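Have a look at the structure below, then the notes.
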Amino acid sequence: MRVLLTGHQGYLGTVMAPVLAAAGHEVVGLDAGLFADCVLGPAPADPPGYRVDLRDVTAEHVAGVDAVIHLAALSNDPLGSLAPELTYDINHHASVRLARLARDAGVRRFLYASTCSVYGAADGDELVGEDAPLRPVTPYAESKVRVEDDLRALADGDFSPVYLRNATAFGFSPRLRADIVLNNLVGHALLSGEVLVLSDGTPWRPLVHAEDIARAFTAALTAPREAVHDRAFNIGSESNNVTVAEIAGQVAEAVEGSKVVITGETGADPRSYRVDFSRFRAAVPGFDCAWSVKRGALELADAYRAHGLGREGFERRFTRLAVLRASAEAGAVDDTLRRR
């Protein structure tokens with residue numbers, strides 16, 4: 001297929017593009033470039049693509065495309081809370097507009113990167129399936145729920161949207177994100193000797209490696225239509241439903257000489273949930289996640305050491321939140337996004 005991959009210069013897109021290409025697909029990227037220079041190690045070889053803000057996409061960008069994989073978004077809770085109106089404008093309205101353009105251009109399959117955080121304050125004692133109530137607690141998660149609802153209204157006999165609710169990602173990418181839980185804890189352990197947990201460590205988190213996400217999207221791209229059409233799927237593995245304290249323990253084992261420090265200063269996080277991932281395995285026989293939390297922690301520690309991760313890079317270079325927070329204080333966060 002000829003696949004338009006939005007967010008191809010982001011954390012997940014940089015991992016996914018070569019996986020799609022290896023499966024025989026022609027990949028065309030579309031990205032605003034906000035994270036394009038957040039490179040750790042050798043620069044990745046990007047597919048050809050468009051440098052464009054998601055809000056400025058036109059019919060030209062989806063012409064001749066067989067499928068769209070839509071990853072691009074303002075992609076974390078602090079950023080979403082920093083400028084909620086931009087989160088809804090980009091993550092919700094621009095995403096639905098892209099889907100309409102794709103449908104009108106004859107695109108047949110639209111894979112949407114949603115998130116397990118749509119379950120929000122679920123009961124951590126029960127496995128949450130795709131039909132569970134959605135209880136988003138942040139603008140980021142709420143924007144994902146709204147897009148899923150609007151895409152369902154666009155589904156028809158020719159246009160087939162699929163909603164892939166990723167667990168919290170982890171693992172090395174040439175374009176690193178250091179603000180997600182496992183990546184953050186490994187980096188802090190290497191730089192300080194402490195696996196620093198600010199919550200009380202009790203919240204449950206479902207985790208999934210970036211490479212497993214890429215493999216899942218690649219599998220969904222060619223799955224039989226009747227198996228995936230207009231359906232939501234949790235992406236991850238039950239074995240990677242872990243508490244934050246358990247994640248910290250795995251990191252301490254991976255980073256020799258480090259110790260777990262749980263301060264509890266932020267209290268118990270209301271976002272706590274364990275997820276059932278069996279629906280996707282049933283729809284796409286033969287798929288399963290390959291990465292465990294322990295293996296991912298070891299991979300990250302080795303990669304951080306090999307590529308010389310330093311404190312400045314860890315704290316600032318691999319997340320744009322500090323830059324955007326300063327822009328927000330000046331009332332210019334949208335200008336910063338559009339300049340990238």
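The structure presented is a predicted model; accordingly, all values stated were derived computationally and were not measured.
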Original post:
Got a sec, which residues hit side chain to side chain donor-acceptor pair (under 3.5 Å) with Asp212, two or more places apart in sequence or on another chain?
Top reply: Arg215
Original post:
Can you list every pair that meets ring pair (Phe, Tyr, Trp, His ring centres under 6.0 Å) and has a residue in residues 251-270, with sequence neighbours left out?
Top reply: none
Subject >> Other cluster members, Leu196 - Ile/Leu/Val/Met/Phe/Trp/Tyr, side-chain contacts below 4.5 Å >> reply: Leu198, Val261
Original post:
Atom OG1 in Thr218, atom CE in Met1: separation rounded to 0.5 Å?
Top reply: 11.0 Å
Original post:
Between Lys144 (side chain) and His92 (backbone), is there a donor-acceptor pair under 3.5 Å?
Top reply: no
Subject >> Distance (rounded to the nearest 0.5 Å) between Leu182 CG and Thr168 OG1 >> reply: 10.5 Å
Original post:
Salt bridge between Asp66 and Arg108, side-chain N to carboxylate O under 4.0 Å?
Top reply: no
**OP:** Check the surroundings of atom CD in Glu256: do more than 12 heavy atoms from other residues, nucleotides or ligands lie under 6.0 Å from it?
**Re:** no
Subject >> Glu194 and Ser192: CA distance, side-chain angles, deciding distance, side chain to side chain donor-acceptor pair (under 3.5 Å) verdict >> reply: CA-CA 5 Å; Glu194 292 185 346; Ser192 70; 4.9 Å; no
Original post:
With a 4.5 Å limit on heavy-atom distance, are the side chains of Leu54 and Leu98 in contact?
Top reply: yes
Subject >> side chain to side chain donor-acceptor pair (under 3.5 Å) partners for Ser292, two or more places apart >> reply: none
Check residues 235-242 and write down every donor-acceptor pair under 3.5 Å in which the side-chain atom is one partner and the other belongs to a residue at least two apart or another chain.
{"residue": "Ser237", "atom": "OG", "partner": "Ser239", "partner atom": "N", "Å": "3.4"}
{"residue": "Ser237", "atom": "OG", "partner": "Ser239", "partner atom": "OG", "Å": "3.0"}
{"residue": "Glu238", "atom": "OE1", "partner": "Arg281", "partner atom": "NH1", "Å": "2.9"}
{"residue": "Glu238", "atom": "OE1", "partner": "Arg281", "partner atom": "NH2", "Å": "3.3"}
{"residue": "Glu238", "atom": "OE2", "partner": "Phe277", "partner atom": "N", "Å": "2.8"}
{"residue": "Glu238", "atom": "OE2", "partner": "Ser278", "partner atom": "N", "Å": "3.4"}
{"residue": "Glu238", "atom": "OE2", "partner": "Arg281", "partner atom": "NH2", "Å": "3.4"}
{"residue": "Asn240", "atom": "OD1", "partner": "Val293", "partner atom": "N", "Å": "3.4"}
{"residue": "Asn240", "atom": "ND2", "partner": "Trp291", "partner atom": "O", "Å": "2.9"}
{"residue": "Asn241", "atom": "OD1", "partner": "Val275", "partner atom": "N", "Å": "3.1"}
{"residue": "Asn241", "atom": "ND2", "partner": "Glu238", "partner atom": "O", "Å": "3.4"}
{"residue": "Asn241", "atom": "ND2", "partner": "Val275", "partner atom": "O", "Å": "2.9"}

Original post:
What's the spacing between Ile262 CD1 and Ser199 OG if we round to 0.5 Å?
Top reply: 7.5 Å
Original post:
Does Ser95 offer a backbone N or O that forms a donor-acceptor pair with the side chain of Arg55 under 3.5 Å?
Top reply: no
Original post:
With sequence neighbours excluded, what pairs up with Asn183 under the side chain to side chain donor-acceptor pair (under 3.5 Å) test?
Top reply: Tyr11
Expected list for residues 13-24: side-chain donor-acceptor pairs under 3.5 angstrom, two or more places apart:
{"residue": "Thr14", "atom": "OG1", "partner": "Gly10", "partner atom": "O", "Å": "2.6"}
{"residue": "Thr14", "atom": "OG1", "partner": "Arg175", "partner atom": "NH1", "Å": "3.0"}

Subject >> Listed once per pair and sorted, the ring pair (Phe, Tyr, Trp, His ring centres under 6.0 Å) pairs that draw on residues 218-252, sequence neighbours left out >> reply: Phe233-Phe280
Subject >> Whether Asn184 side chain and Ala178 backbone form a donor-acceptor pair below 3.5 Å >> reply: yes
Subject >> Residues that Pro285 engages under side-chain contact (heavy atoms from CB on, under 4.5 Å), provided they are two or more places apart >> reply: none
Original post:
Taking the side chain from Asp53 and the backbone from Ala32, do they hold a donor-acceptor pair closer than 3.5 Å?
Top reply: no
Original post:
What distance separates Leu12 CG from Phe217 CZ, expressed to the nearest 0.5 Å?
Top reply: 8.0 Å
Original post:
Does the pair Arg279/Asp276 count as a salt bridge with the N-to-O cut at 4.0 Å?
Top reply: no
Subject >> By side-chain contact (heavy atoms from CB on, under 4.5 Å) - contacts of Ala232 (at least two apart) >> reply: Glu130, Glu148, Arg152, Tyr163, Arg165
**OP:** Any ring pair (Phe, Tyr, Trp, His ring centres under 6.0 Å) involving residues 169-199? Give me the pairs, sequence neighbours left out, ordered by first then second residue.
**Re:** Phe170-His209, Phe172-His307
**OP:** Give a yes or no on whether the backbone of Ala290 and the side-chain of Arg295 come within a donor-acceptor separation of less than 3.5 Å.
**Re:** yes
**OP:** Please check if the side chain of Asp230 supplies one atom and the backbone of Ala155 the other of a donor-acceptor pair under 3.5 Å.
**Re:** no
Subject >> Non-neighbouring partners of Val28 that pass side-chain contact (heavy atoms from CB on, under 4.5 Å), sequence neighbours left out >> reply: Arg2, Leu4, Tyr50
